[in-house]
Amino acid sequence: MGSPQFRIEPATEQDLALILRLIKDLAAYERLSHEVTATEAELRESLFGPHPAAEVVIGYAEQEPAGFAVFFQNFSTFRGRPGLYLEDLFVVPEWRGRGLGRRLLAHLARITVDRGCARMEWSVLDWNESALSVYRKIGARAMDEWTVHRLTGAPLRDLASGSW
């Protein structure tokens, strides 16, 4: 059997159930299933509503969904230009190691360049050595001098209300 034909397509509203399934599969892989609260209704509004917050592309092996990437535009104040932030990239286990992840990255790199963005960036879990290896091979560099911070739940609401 030859290598599979991969194709990458922008997601549509009809893909919501698939997107949610891939999100849950990604969360299980990252040992974070307990953090998934997204619903199809929330994804519909966030991805396909009047003000989409992100975009999704789906990678197919022949006709089978085999992976996806979620991304959005950010901004570099130092460069004065937009960037592309890759929120999530996931390839289902049976299709790993066949080049789909690299093709998804290349697809996003083309979008980054075509849109005139200054850079493409993402985060990766420290223990995900297979992903880190791919990222090193394509020339990405770790931003070791930066630490990610997150504000959610009550602390976010407290800050927003001025009662920190």
Side-chain angles (χ1 to χ4, degrees), residues 1-49 51-76 79 81-143 148:
M1 182 169 132
S3 45
Q5 281 294 110
F6 290 124
R7 75 179 197 288
I8 298 169
E9 302 283 338
T12 68
E13 197 167 342
Q14 289 68 44
D15 296 314
L16 283 167
L18 171 61
I19 294 167
L20 185 55
R21 186 192 65 166
L22 290 167
I23 289 169
K24 289 178 178 180
D25 289 350
L26 166 66
Y29 174 73
E30 292 184 341
R31 305 173 197 145
L32 296 170
S33 293
H34 61 281
E35 293 199 18
V36 177
T37 62
T39 65
E40 284 187 37
E42 289 169 326
L43 291 173
R44 180 177 288 106
E45 180 65 23
S46 295
L47 300 174
F48 304 106
H51 303 287
E55 298 173 64
V56 178
V57 293
I58 300 173
Y60 293 88
E62 306 296 345
Q63 300 304 312
E64 180 183 343
F68 81 135
V70 180
F71 61 98
F72 56 88
Q73 184 174 301
N74 61 10
F75 188 77
S76 168
R79 301 242 178 140
R81 292 178 39 212
L84 186 140
Y85 188 83
L86 170 59
E87 178 65 23
D88 285 311
L89 186 148
F90 178 71
V91 175
V92 297
E94 55 268 27
W95 290 106
R96 289 188 191 143
R98 301 188 196 193
L100 179 58
R102 191 179 292 234
R103 286 181 189 218
L104 284 163
L105 287 167
H107 183 84
L108 295 177
R110 280 191 298 279
I111 290 172
T112 302
V113 170
D114 290 349
R115 293 181 183 180
C117 296
R119 62 187 179 204
M120 181 172 116
E121 53 192 0
W122 58 92
S123 297
V124 60
L125 291 166
D126 293 339
W127 57 260
N128 193 343
E129 188 52 47
S130 62
L132 289 165
S133 175
V134 169
Y135 301 153
R136 284 189 292 270
K137 286 177 186 170
I138 65 170
R141 71 179 169 94
M143 304 295 291
V148 175

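These numbers were taken from a predicted model, which means no experiment stands behind them. These values consider heavy atoms only, across backbone and side chains, with no hydrogens, waters or symmetry-generated copies.
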Taking all atoms of both residues into account, what is the closest heavy-atom pair of Leu20 and Ala38, and its distance?
-> CD1-O, 3.6 Å
Can you pull the side-chain hydrogen bond (donor to acceptor under 3.5 Å, both in side chains) pairs that have at least one residue in residues 16-36, sequence neighbours excluded?
-> Tyr29-Asn128
Between Ile19 and Val70, is a side-chain contact (heavy atoms from CB on, under 4.5 Å) present by the stated rule, with each step listed?
-> CA-CA 9 Å; Ile19 294 167; Val70 180; 5.6 Å; no
Audit row: Glu45, His51, side-chain contact (heavy atoms from CB on, under 4.5 Å) steps and yes/no | CA-CA 8 Å; Glu45 180 65 23; His51 303 287; over 6 Å; no
Search all heavy atoms of Phe6 against all heavy atoms of Ala61 and return the closest pair with its distance.
-> CE2-CB, 3.7 Å
Is a side-chain donor or acceptor of Arg96 paired with a backbone partner of Val91 at a separation under 3.5 angstrom?
-> yes
Is the shortest heavy-atom distance from the side chain of Val57 to the side chain of Phe71 under 4.5 Å?
-> yes
Over all heavy atoms of both residues, which pair between Met120 and Ala109 is shortest? Give the atoms and the distance, please.
-> SD-N, 3.7 Å
For residues 102-114, which residue pairs qualify under side-chain hydrogen bond (donor to acceptor under 3.5 Å, both in side chains), counting only residues two or more places apart or in two chains?
-> none
Of all the heavy-atom pairs spanning Leu86 and Ala69, show the shortest one and how long it is.
-> CD1-CB, 4.0 Å
So, the side chain of Glu42 versus the backbone of Thr39: is there a donor-acceptor pair under 3.5 Å, distance only?
-> yes
Give me the one residue out of Asp15, Ile23, Ile8 that meets side-chain contact (heavy atoms from CB on, under 4.5 Å) with Phe68.
-> Ile23
Of all the heavy-atom pairs spanning Gly101 and Leu89, show the shortest one and how long it is.
-> O-CD1, 4.0 Å
Stepwise side-chain contact (heavy atoms from CB on, under 4.5 Å) check, Leu105 with Val134 = CA-CA 10 Å; Leu105 287 167; Val134 169; 4.1 Å; yes
Please round to the nearest 0.5 Å and tell me the distance separating atom CD of Glu40 and atom CG of Leu47.
-> 11.5 Å
Residue pairs passing the side-chain hydrogen bond (donor to acceptor under 3.5 Å, both in side chains) test where at least one lies in residues 81-90, sequence neighbours excluded = Tyr85-Ser123
Pairing of Glu55 and Arg115 as salt bridge, 4.0 angstrom limit = yes
Drop me the distance from Ile111's CD1 to Cys117's SG, to the nearest 0.5 angstrom.
-> 9.5 Å
Quick one: pull up CG in Leu16 and CZ in Arg44 and give me the separation to the nearest 0.5 Å.
-> 5.0 Å
Can you find a heavy atom in the side chain of Leu22 that is under 4.5 Å from one in the side chain of Val92?
-> yes
Point-to-point distance, once rounded to the nearest 0.5 Å, from CH2 of Trp122 to CG of Leu108 | 9.0 Å
About how many Å separate CG of Leu32 and CG of Leu26, when rounded to the nearest 0.5 Å?
-> 8.0 Å
Could you tell me which non-hydrogen atom of Gly59 sits nearest to which non-hydrogen atom of Leu100, and how far apart they are?
-> CA-CD1, 4.2 Å
Output the distance between atom CG (Leu84) and atom CZ (Arg119), rounded to the nearest 0.5 Å.
-> 11.5 Å
